[in-house]
Amino acid sequence: MTTESATFERSFHVEGITRVEGEGTLHLTVHDGQVSDARLKIFEAPRYFEQLVVGRAPDEVIDITARICGICPVAYQISAAGAFESIFEVQIDPQVRALRRLLYAGEYIESHALHVYLLHAPDFLGYASAIDLAKDHRAVVEQGLALKKVGNALMALLGGRSVHPVSLRVGGFYHVPRRAELEALRPALANALTQAQATLDLVAQFQAPPFERPVRFVSLKHPAEYPLFDGRIVSNDGIDVGIGEWRAAFREEQHEGTNALHARTLSGETYQLGPSARVTNAADQLHPIAREALARIGLQEEIARNPFWSIAARALEILHYCAEALEIIDAYLPPAAPFAPWTPRAGAAGWGSEAPRGILWHHYETDEQGLVRSAQIVPPTSQNQGQIEADLRAFAPAVLSLEHGEATRRLEQLVRSYDPCISCATHFLDLTVEGA
Amino acid sequence: MPETEGPAPRTEANAELVALLNATWFAADLPPQAQVRLASLARRYQASAGTTLLAEGQLANELGIVLSGRVSLRTLVPETGWITILTVEPGDVFGWSALVPPYRSTSTVVALQPVDVLALDGPGLRAALAADHDLAAALYPRVLQALARRLTATRLQMLDLFAR
Amino acid sequence: MIRAATTPHPRLGVVKLASCDGCQLTLLNLEDELLAIAERLDIVEFPEATSHRSNGPYDVVLVEGSVSTPEQLEQIHEVRREAKLLVTIGACATAGGIQALRNFADHDAFRAAVYAHPEYIESLATAQPVADYVKVDAELRGCPINAAQLVELVTALLTGRRPNLPDEAVCAACKRAGRVCVMVAQGIPCLGPVTMTGCGALCPGYSRGCYGCFGPREQANVSSLSRQFISLGRSPQEAGRLFAGFTGYAEPYRDAIVELGGLPGASLAGERAHRAMGAGVNAEGKS
Amino acid sequence: MTNVTKSAIGFLPRAGFQHLIELLAEDGRTVIGPTVADGAIVYGEIHHVADLPQGIGAEQAPGHYRLVHHADERFFAYAVGPTSWKRFVFPPTLALGESRRDDHGHVSFGPAPREIPRLAFLGVRACELAALGIEDRVFLGGPYTDEDYRARRANTLIVAVQCAEPAATCFCTSMGTGPGIRSGHDIALIELDEGFIVTAGTPAGSAIVTRLDLAEATAEQLTAGADQLAAARDRIGDPVVTAGLHDRLLAKLESPRWAQIAERCLACTNCTAACPTCFCTSVSQRSDLDGHTATTERRWDSCFTKGFAAVALGGNFRPRVQDRYRQWLTHKFATWIDQFGTSGCVGCGRCITWCPVGIDVREELNVIAPPPQVSAGPAEAAQPHAPRSSVFRVEGVRRETHDTVTLALSTPDGIDWSTARGEFVMVSLPAVGAVPISISRRLPRGLELTIRAVGPTTTVLTGLERGAEVGLSAPLGHGWPVAAAQEHDVVIVGGGMGLAPLRPIVDEILAARSRYGDVHIYYGARTPSDVLYTEELAAWAARDDLEVGVTVDRADATWLGRVGVVTHLFDRARWDGTKALAFVCGPERMIQATVNALAGRGLTPDRIFISMERHMECGVGLCGHCQVGPFFVCKDGPVFSLAQLGDVFGREGI
């Protein structure tokens, strides 16, 4: 919904942005063609996870933090497990590590297919939802659902179910699949690989609104693999810290008049996480199939400059993870033990992993029994929020000439480009009273 | 009070009343002296359908025995109206309140059909039962039985069996 | 939402309170049925999936999440007024969810621990299941809900019958699936015997104990099971923490947690929980 | 080595065991046998001796099972684990049928596609052979049989291995089922350190055995086998005194112990699932989104679930866990004998080991019904027969009350339903459900069913219109012994919906009125608007050869009929009950009150017939839901004489 107020002042207000995970509002005020205020407000109810995990055992924390977000539970589980494994110095069996990448691949394929087809594509094609889109382009939506299903099937095999899987524990898994069980997924994944190529070709034909700006891309970086849950935290402008050292480069800060925790670099600047950041910072580590495809569509520069092209980065990552998943399956030998044993001890460590939306960073402090003393969870959306608002400020003047409803839809589309997961973002809750 | 003509005309021959009593479940096979004593306290009346024989809260002056026809025991439920709790069939009694203090009726008694009733004078019966222990010994078990039967029936009704 | 169809389809709404979105996602995860469902129901409100919005009326509304802010309290009453059938989906809506564990502890202390300026955070002292506030016509349990049960619910709605959602222990499904009892054969504590099935006995199939996503089944004998956990070598606190999961606020798990003192900050928890349970402790007693 | 002669007992060296597995496979069989998975010895597919639990056993105690390693190389040195063979002959879930219903209300029913695997069971113990024998009686003993079970059973070859390694939870000795193998096997093996003593029990077994390279078993080997059997027997002892257990147990239905067990019992159903003889099932339907096609599926259920004995509108005959435990234990060890001629327990100990809280039936039996005296019970002759749905059309719908209708149904199949026996039919509607409904009138080409909307299925059924179709089973159950009432006076007492199943009695009497003495019909309903068959009741009342009394529990002032309980209609009547037979149907409490009043009128228990209400699921005595004492209400009833029921009638939680 949009309202026009004074002659020289326009405000765009979307009460309840749709096709995002969770609840948020978008508010923009424009004075004489200049954006005076741009805010993405979160009104998701607080759920106090950092306090809920205090006094709990590490394996319980893996299950509890998953409930922060039903869209990317594996990201929470892997980040939490990584932090505890760092504290307890657990060595992970290489096959177990491969299975974790495979589980995460399932989440990427599912989450990205959901976003590309059901949430974001309707913006590019002028529909209110994928259900409306399906009335005219059923095959397109069916292709998206088929891809999503393969991602879900991977998670269901490795984790028991795709939403809040049950298999991950500190040191590995509770249970690992037999080779034959993984091989059974091969035909569906091979088919998905073809569909992922088609997806990339489809989105490459989309028209993105013209909007280019320089941006600081932050992602994990690993010497030998596409960034997922290992390596260092880097940016395209020189940040380079250990995976446990997020606090050495970033901080959560409070903005005046709000209680929102936005993440900024230590020098107070905004940055972008997620598929565009990864594809830009680690293009050379994409699977050869994905690298070739990127060369074919030739959108690397656009992805780096125009946030709307994140849809292409997502499609590229779907392709990457379909290809990587097939390789992991082909090379799989069941590990000697599903998990490595560990001894609890007092300590503290941080760990991050690349959730589909960007780095999700956890930090825990444990007591002698290994129970959690304190926790910090920095979800990707709270880190992206500053950049989203900066982009809104920069992009808004370009749509002011459009019909009001259309302008508002464009602004929403920009927000959706970041695939904001507001459920995750509960702890940077913004409760500034409107108009205060 | 029933809309019968005039106050308690005990005109019928005692023998006929004894015979009528003997034909009811309530008084059948009582010792002859008891039947004669009861007959001396009895009057017989008829009432047409719809007649209110006794109103809830009213002084119950008589213990009625239904000879023929059907009377209903009702109570008024706010916002629902009159609810029939029980019907009294030939041979059975109504107005037991006439025997138990404070001698006030616990429900409203209405004839559903033309009824023929044998009514025993309440104060007279109480006096006779107090004075005549043989009569009391013969009659009270019948009163108790009638009340017990009604009590068990009420319980079953309360269970609302058929609602299930 | 505009439909060309001539026959009126039931109007479906999907609304969200405090939750992780995973149960709504389960609807979007019905890849094989989603489009068929969309052809038979008018999805008039489902902000996660469509920009069409509606405040009702709804023939059926699926509610995800627990009631944990004053706005949500208003919202749920509004939704109830607009809905013919209100179905709660998931552990948050049916049992309060993981966030309801704060009901055992001191809310203000919780708030202060996460937010530097807790006075700005408007949330109710407790996170409650929807049925604590409004009438609920049906519920789908689970954290998250089970896709097959969701399809069964939708099918039942479309064919006009009651959904077939059996109330039996996880054990029943576990044994039908031919799984070996993890508690008997490996000494792993498992909530299966007191938890309602619906997940297909997932966790025992992954060599771990059930952690109670679907909440207590009828007549759940939690005291016998906690005694068994303790005899398997768990401390009362550990046993209590097993119940303090995603449906921990549901009776009788709630009682077991309080009795075993298994929730962190138990000194706070005891008193607070008694208040939450209406045990008669003065409400001003502590805050 | 040379082949031994048929009469000799063979010996198979351990190295030759793989050959046996191969021969079974060559016979076209999937071999199912013991293998290690998830911390237990379970039954799974066996392709090679390497799949067998060589050198592995298990330590068992109440609520406890752990794998242990042996020093020897034996394949079968363990006591039974969590799996039982019933899983393979009586699958946990089974598609029973497929049905369709189109937009015009046409219905059709067909069988589910079925593939019966050809199996060989390897390593069956004596207690397990006994369990299969018990299941045979349950599923094939009649009057109705389970054809799926029959087919699976017939397609299975059994290789038994005598038990030498009993667990601490075993009590086959007490139940008389083991540890020695007696019958029921195709091939029997006795495992010794160096190999197996082999005998064939059937021609099918013999056909395999003769192809093995067998030596003749030596006297030492035979002695070793006998010794280890004796040792096993000694280790088990005789933990449960079974003499007189049937009567001892049934005499303790009011023991305080039941409530004590319920404090421990989780009602989790693990004992019934692990039990090799428990056979209770439930049936549900799954359908497509439009309800056009549906699959009927049967799944293992348990008398420990609350819903198991639940009836419409929230009623439950076994509401407490103590009721359910009592039902299970008394059935297994006592009423099973009345029903099937054997105990339902084989003493395998699975229910003890796999009870998560370790409830030990041996201990409970000894506490509840301490020793000792005699048991009893003959079995009935079998009459193979299986019900199948036929399509019926709704010819007429008569609304009886606000929630009750009478459907007149006809069938094109030409059967004369007016003479069909049986008391009720299973009515099924694709994608909706199946419910048992009493026949309320028999017609030349069909029948009438009076249905009250009390649940999801009946709600849909009461909304059917003329022309709609439903599926009906053949009439099931034992009905009213109306013929026995000829030359007698007849008292018919109905309460609420209970008049519906009584109506055919009136029809039958009126068809030959002169054969009966005085006939009294008494009917009680909740309110005047709940009275069924008002016109017929008036017509009956108008006859001078019937006495008809109608009463309601409560009424408004416009009702001129009787108000009060149904027993008041006759408790002071003048008829002589000693010459009468009574037929009573209604809610259980109404039946109790009526039975007391009838006794007061001089009727003896053998002449009072009642219809029992229970949760009926399969309708043919194979699912276990409607069990009451030693009876299945669907198969043995629903009509019983009071004398037949004995003190089962009116007992709480049965």
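Chain identifiers are assigned alphabetically (A, B, ...) following the order of the sequence lines, protein sequences preceding nucleic acid strands; residue numbering begins at 1 within each chain. Small disclaimer: the values here were computed from a predicted structure and weren't measured.
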With chain D as the partner, which of B:T80, B:V88, B:D92, B:T154 has the greatest number of non-hydrogen pairs under 4.5 Å?
B:D92

Is [X] reaching over with its side chain to a backbone N or O of [Y], donor-acceptor style, under 3.5 angstrom?
X      : Y      : value
D:T401 : D:D403 : yes
D:E400 : D:Y533 : yes
B:T152 : B:A148 : yes

Any luck finding a side-chain donor-acceptor pair between D:H625 and D:S282 under 3.5 Å?
yes

Looking at [options], which makes the most heavy-atom pairs under 4.5 Å with chain B?
options                : answer
D:A593, D:G495, D:G586 : D:G495
D:E588, D:H568, D:M497 : D:H568
D:G564, D:A557, D:G498 : D:A557

Enclosure of B:R142 CZ (heavy-atom neighbours >12, cutoff 6.0 Å):
yes

Let me know if D:D571 has heavy atoms under 4.5 Å from chain B in its side chain, its backbone, both or neither.
side chain

Which atoms of B:I83 come close to chain D, meaning under 4.5 Å heavy atom to heavy atom: side chain ones, backbone ones, both, or neither?
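Answer is both: backbone and side chain atoms of B:I83 are under 4.5 Å from chain D.
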
